[in-house]
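First up is the structure itself, then whatever we jot down about it.
Quick caveat: nothing in here was measured; it's all calculated off a predicted structure.
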Amino acid sequence: MLGDTPRKLLRIMYHFSGHFKRLPTLPEMERLSGRMPVAIRDGMKILVKENYISWNPHAPIETAVIIEGWEREELNTELSLDTKRSLQTSNLDYW
């Protein structure tokens, strides 16, 4: 699960690239996210580590490539056995 800053940066990059067909520059990311440049770079490094984006930390942030535009869903491992069975069964079992 991503923290607040990396999740926000990923959403901004995804929507910005869909609207403007390019990724935002650092000043644009500062304005849109409300974060300082250091926090933006740290968030970008987390996104690289978690394999959401491909980016060289020595390059400008607009050179990043989005691999996955949405945060991954993590299934709760503490679900009861009945709940897991109901998630695995299809709707056809009812009919």
**Asked** Where do Gly43 and Pro6 come nearest, in terms of heavy atoms and distance?
**Response** O-CB, 4.0 Å

**Message:** When you compare the side chain of Leu2 with that of Leu47, does any pair of heavy atoms fall below 4.5 Å?
**Reply:** yes

**Request:** Tell me, please, whether Trp70 has Arg11 positioned over its six-membered ring: NZ or CZ under 6.0 Å from the ring centre and within 45 degrees of its axis?
**Result:** yes

**Asked** Closest heavy-atom contact between Pro60 and Thr63?
**Response** O-OG1, 2.5 Å

**Request:** Find out whether Pro37 and Glu30 are in side-chain contact, i.e. whether some heavy atom of one side chain is under 4.5 Å from a heavy atom of the other.
**Result:** yes

**Asked** Does atom CZ of Phe16 have more than 12 heavy-atom neighbours, drawn from other residues, nucleotides or ligands, at distances under 6.0 Å?
**Response** yes

**Prompt:** Judged by atom type as modelled, is there a donor-acceptor pair below 3.5 Å linking the side chain of Glu71 to the main-chain atoms of Met1?
**Reply:** no

**Asked** Regarding Arg7 and the six-membered ring of Tyr52, is the cationic atom NZ or CZ under 6.0 Å from the ring centre and inside 45° of its axis?
**Response** no

**Request:** Look at the side chain of Ser33 and the backbone N and O of Met29, then say whether any donor-acceptor pair between them is shorter than 3.5 Å.
**Result:** yes

**Pairing residues for Arg35 by the side chain to side chain donor-acceptor pair (under 3.5 Å) criterion, not counting sequence neighbours** = Asp4, Thr5

**Asked** Cluster question for you: counting only ILVMFWY and a side-chain heavy-atom cut-off of under 4.5 Å, with indirect links fine, are Phe20 and Leu26 together?
**Response** yes

**Message:** Contact between Glu28 and Arg22 at the side-chain level, heavy atoms closer than 4.5 Å - yes or no?
**Reply:** yes

**Separation of Arg72 CZ from Asn51 CG (nearest 0.5 Å)** = 6.0 Å

**Request:** Quick one: list whatever passes side chain to side chain donor-acceptor pair (under 3.5 Å) with Asn56, sequence neighbours left out.
**Result:** none

**Item:** Student check: side-chain heavy atoms of Val48 and Ile53 closer than 4.5 Å
**Value:** yes

**Validation row: Ile61, Thr25 side chains within 4.5 angstrom (heavy atoms)** = no

**Message:** I'd like to check the side-chain contact (heavy atoms from CB on, under 4.5 Å) partners of Leu23; sequence neighbours left out, ordered by chain and number.
**Reply:** Met13, Ser17, Glu62, Ala64, Ile66

**Message:** If I compare all heavy atoms of Arg41 with all of Ala59, which pair ends up nearest, and what's the gap?
**Reply:** NH1-O, 4.0 Å

**Request:** To the nearest 0.5 Å, tell me how far Ile40 CD1 sits from Lys8 NZ.
**Result:** 10.0 Å

